[in-house]
Amino acid sequence: METLEKRLYEWFGYSSFKYNQRDIIESVLADEDVFSMIATGSGKSLCYQLPALWKKGTAIIVSPLLALMENQVQELKQIGIKKVAAYNSFLNIKEKKRILNRLSEYKMIYISPESLQQEEILKQISNLDVSLLAVDEAHCISQWGHEFRTDYLKIGNARERMGNPPCLALTATAAPEVREDIIDKLHMKSPVSICDTVDRPNISIQAIKKEKEEDKRTSLLEFTRNLPKPGMVYVGSRKKAEDLAEMIKNETSFTAAAYHGGMTKEDRHLIQQQFLLDEVQIICCTNAFGMGINKPNIRFVLHFDYPKDIESYVQEMGRAGRDGYRSSSILLHSDTDYFFPRRIIEWEFPSEEEVHYICHLLQAEDRANISKQTIESYGLEDVHARFMLHYWEEWRNTAEEHYPEDFINMVIKKRKRWKFHKLSQMENWISNTAECRRKTLLETFGECLRRQPNPCCDICGISESPAHDEDAAASRQFVPWQDRLYALFHQQQ
DNA sequence: CGCGTTGTATATAGATACAACGCGGTGCTCTATT
């Protein structure tokens, strides 16, 4: 397929495909459903952008963050691809109508799962020739869909309304159960699966036990002083992100800043830019920071609090060393960490009392009269209200009698059990790993460790001397010069 | 949800019991005000 290369150069200015890109694109062009797990920075977006331009019709691209959509649209327009739009709440009614009335004139429409559920857009899309439905950061379906953003679970229904176009799911991290969940929720039938390893040989892995929170702080300062920078510190709460950033600024000579979802958009953007430009050396953040960030030279990721599942851990530590140079992942833990993640899981669900109340309400009234606002007016949080509406709708289709007790047992308790299971899997890896950490980590992704890098992990032994750097050097050579140049160039911007 | 802090009443000047309140990741969208 010589013309594929020709178009790649003509449209995007690249002279060759990266590892796996061609396979994915060819499968998409053959109208296959494709599930693909490839590393961040290996050109995921091109995998739907090129087919979108190539094929007749309009591609719909589901994206989790408004900022990501805006970036992509802007970048495409800059390289001369103009028939693209983002359909979201940035638009006013006039602009929305304008786009709605001429959907078929676009080659790509970026959209959030929430906007995709609006009846106006579903109606228009059902008459549209949809060339491809692409879901970017598809692990969000599994990670966010069940409790936090339930519209992620409804993409499959929207797909049916479009007349079942071919579907491409893209992510950087997904364990086997998560892959199955994604494939199921997108109503994919025997998809082609194209996956990279999740192993990152240039990142050494450590989990270190400390007595108390105070000892974790001392250790954090020590690592901050001694490790190469820039670095990231992941914490569990907004307040702690700010506390630790303050502490690093006061106790060391390095620049630090906090980043979390409670900050204004402007502040978040500013801190992000400063970190990207190496003006801020250490960023202390909650899990709000990460998606869409492609900073190549992060030298360490330190987990001051551990995440609730192994995939999140792999995603977060994997932000280190994208340039291929030696980097560290360090996780600090202590017995006092036990309760926090458990409380957060409990908090994700409405209380039993609330469920009872809302179930009776939903049963007594005609469902059409009950909006999210009604449920919120009974004191439920935004997320819980959406949770109740989504599952109630599913629930009433599956059973004849609808008792709140059954709803609690079969919907809520089931999900909680699953979440606690994932949490203990994470904790087991932290506290009870007897073999190589890298090996056990890969096994949860259904992979084998093919070659042990040096340095590897705290169990295999971390050598302090930089003399054993052959592996970091070797992995560096794996990165083609074009990619390194690209990384350097983007670092400059 | 569950834990820790603050507030209030009681009955008497300091201490106790118990209720109320606040905390605690992730982001979309729509609507009504500054």
Side-chain angles (χ1 to χ4, degrees), chain A residues 62-70 86-93 95-96 110-121 136-137 139-155 233-243 258-265 268 284-293 303-309 311-313 315-316 336-356 371-374 376-377 379-387 389-390 408 412-413 415-416 419-420 422-423 426:
Chain A
V62 178
S63 170
L65 303 179
L66 299 179
L68 289 186
M69 293 183 217
E70 298 296 324
Y87 187 90
N88 56 39
S89 59
F90 283 168
L91 306 173
N92 60 40
I93 299 170
E95 294 169 313
K96 274 189 171 181
Y110 284 83
I111 194 164
S112 68
E114 287 82 4
S115 288
L116 187 60
Q117 286 309 313
Q118 291 168 10
E119 193 47 43
E120 283 168 312
I121 196 112
D136 202 8
E137 310 286 0
H139 59 276
C140 293
I141 294 174
S142 205
Q143 198 167 303
W144 282 354
H146 296 277
E147 287 84 23
F148 180 47
R149 290 174 70 179
T150 48
D151 285 331
Y152 255 109
L153 300 183
K154 299 177 182 163
I155 302 175
V233 180
Y234 270 107
V235 294
S237 76
R238 295 170 175 185
K239 192 169 177 297
K240 221 191 260 184
E242 288 180 2
D243 284 355
Y259 183 104
H260 56 72
M263 293 162 42
T264 64
K265 280 209 167 66
R268 286 172 70 162
C284 298
C285 58
T286 60
N287 57 0
F289 191 79
M291 234 185 324
I293 308 289
H303 278 90
F304 194 87
D305 294 316
Y306 54 83
K308 295 192 304 305
D309 54 80
E311 278 134 290
S312 305
Y313 168 71
Q315 258 169 47
E316 289 164 5
T336 52
D337 295 338
Y338 184 82
F339 295 99
F340 184 74
R342 284 168 174 74
R343 240 178 307 145
I344 290 216
I345 292 175
E346 290 292 348
W347 180 45
E348 282 188 84
F349 299 88
S351 69
E352 294 199 5
E353 204 183 349
E354 286 172 327
V355 172
H356 273 277
S371 65
K372 189 172 140 266
Q373 281 74 25
T374 318
E376 278 179 300
S377 73
L380 270 80
E381 298 201 12
D382 162 89
V383 183
H384 294 163
R386 221 149 0 100
F387 178 92
L389 276 179
H390 172 79
I408 289 167
I412 296 187
K413 291 205 172 154
R415 278 298 297 171
K416 276 194 196 173
K419 296 214 135 187
F420 283 122
K422 298 288 279 182
L423 174 62
M426 177 81 243

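Treat the numbers as computed from the prediction; the structure is a model and nothing was measured. So that the names make sense, note that chain A is the first sequence line, chain B the second, and so on, each numbered from 1.
- Distances shown here put every side-chain N or O of A:Arg386 at or beyond 4.0 Å from the OP1 or OP2 atom of B:dC30.
- Using a 4.0 Å heavy-atom cutoff across all strands shown, A:Leu65 reaches sugar-phosphate atoms only and no base atom.
- Residue-nucleotide stacking is not present for A:Trp144 and B:dT26, judged by a side-chain ring centre under 5.5 Å from the six-membered base ring centre and planes under 30° apart.
- For the pair A:Ile344 CD1 and B:dT26 P, the interatomic distance rounds to 9 Å; values are reported in whole Å.
- Taking atom CZ of residue A:Arg238 and atom P of nucleotide B:dG24, one finds them 9 Å apart after rounding to whole Å.
- Taking only side-chain nitrogens and oxygens, A:Ser115 never comes nearer than 4.0 Å to OP1 or OP2 of B:dC28.
- Taking the side chain of A:Ser237 as heavy atoms from C-beta on, and the options B:dC1, B:dT29, B:dG24, the nearest nucleotide is B:dG24.
- At least one side-chain nitrogen or oxygen of A:Thr286 sits closer than 4.0 Å to the OP1 or OP2 atom of B:dT26.
- Between A:Glu354 atom CD and B:dC1 atom P there is a gap of 7 Å when expressed in whole angstrom units.
- Checked against the 6.0 Å centroid threshold, A:Tyr313 and A:His303 count as a close aromatic pair.
- Phosphate proximity of B:dC30 to A:Ser89: absent, as no side-chain N or O sits under 4.0 Å from OP1 or OP2.
- Using a 4.0 Å heavy-atom cutoff across all strands shown, A:Pro350 reaches no nucleic acid atom at all.
- As judged by a 4.0 angstrom heavy-atom cut-off over every strand, A:Asp151 is placed among residues making no nucleic acid contact.
- Atom P of nucleotide B:dC1 and atom CZ of A:Arg342 are separated by 18 Å, given to the nearest angstrom.
- Remark: A:Arg342 is positioned above the aromatic ring of A:Tyr338, its terminal NZ or CZ atom under 6.0 angstrom from the ring centre and at most 45 degrees off the axis.
- Under the 4.0 Å criterion applied to side-chain N and carboxylate O atoms, A:Glu348 and A:Lys419 are assigned as salt-bridge partners.
- The residue among A:Lys240 and A:Lys265 whose nearest nucleotide of DNA chain B lies closer to the 5′ end is A:Lys240.
- B:dT16 and B:dA11 are spaced 11 Å apart, taking the C1' atom of each and rounding to whole Å.
- Side-chain contact between A:Tyr306 and A:Leu423 is present, with at least one heavy-atom pair separated by less than 4.5 Å.
- Distances were taken from every side-chain heavy atom of A:His260 (C-beta onward) to each of B:dG27, B:dC28, B:dT26; the shortest belongs to B:dT26.
- As a whole-Å value, the separation of A:Phe349 CZ from B:dG2 P is 14 Å.
- Note on A:Lys96: a side-chain N or O is less than 4.0 Å away from OP1 or OP2 of B:dC30.
- OP1 and OP2 of B:dC30 both lie 4.0 Å or more from every side-chain N or O belonging to A:Gln373.
- Residues forming a side-chain hydrogen bond (donor to acceptor under 3.5 Å, both in side chains) with A:Thr150 (at least two apart in sequence, or on another chain): none.
- In secondary-structure terms, DNA chain B builds stems of at least 3 consecutive Watson-Crick or G-U pairs, each pair having both distances under 3.5 Å, at B:1-10 with B:15-24.
- Salt bridge status for A:Asp151 with A:Lys154: present, with a side-chain N to carboxylate O gap under 4.0 Å.
- Closest to the A:Lys239 side chain, of the nucleotides B:dC1, B:dT29, B:dG24, is B:dG24.
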Inset, instruction - Go through A:Ser351 and A:His384 one step at a time and tell me if the side chain to side chain contact (heavy atoms under 4.5 Å, CB included) criterion holds. - result: CA-CA 9 Å; A:Ser351 69; A:His384 294 163; over 6 Å; no
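- Atom-to-atom, CG of A:Asp382 to P of B:dC28 comes out at 12 Å; the value is rounded to the nearest Å.
- Residues A:Glu316 and A:Asn287 meet the side-chain proximity criterion, which asks for heavy atoms closer than 4.5 Å.
- When distances run from any side-chain atom of A:Glu346 to the nucleotides B:dT26, B:dT29, B:dC1, the shortest one goes to B:dC1.
- One C1' atom belongs to B:dA13, the other to B:dA9, and the distance between them is 15 Å to the nearest Å.
- A:Tyr87 places its OH atom 11 Å from the C1' atom of B:dT29, with the value rounded to the nearest Å.
- Comparing the P positions of B:dT12 and B:dG7 gives an interatomic distance of 25 Å, to the nearest angstrom.
- OP1 or OP2 of B:dT29 lies within a sub-4.0 Å distance of a side-chain N or O belonging to A:Ser112.
- Looking at residues two or more places apart in sequence or on another chain, you find a side chain to side chain contact (heavy atoms under 4.5 Å, CB included) between A:Lys422 and A:Glu177, A:Asp309, A:Glu311, A:Trp418, A:Gln425.
- Where A:Glu353 and A:Val383 meet DNA chain B, the nucleotide closest to each residue was compared, and A:Glu353 sits on the side nearer the 5' end.
- A:Ile121 places its CD1 atom 16 Å from the P atom of B:dC28, with the value rounded to the nearest Å.
- Among the atoms of the strands shown, only primed sugar atoms or phosphate atoms (P, OP1, OP2) are found under 4.0 Å from some heavy atom of A:Gln118.
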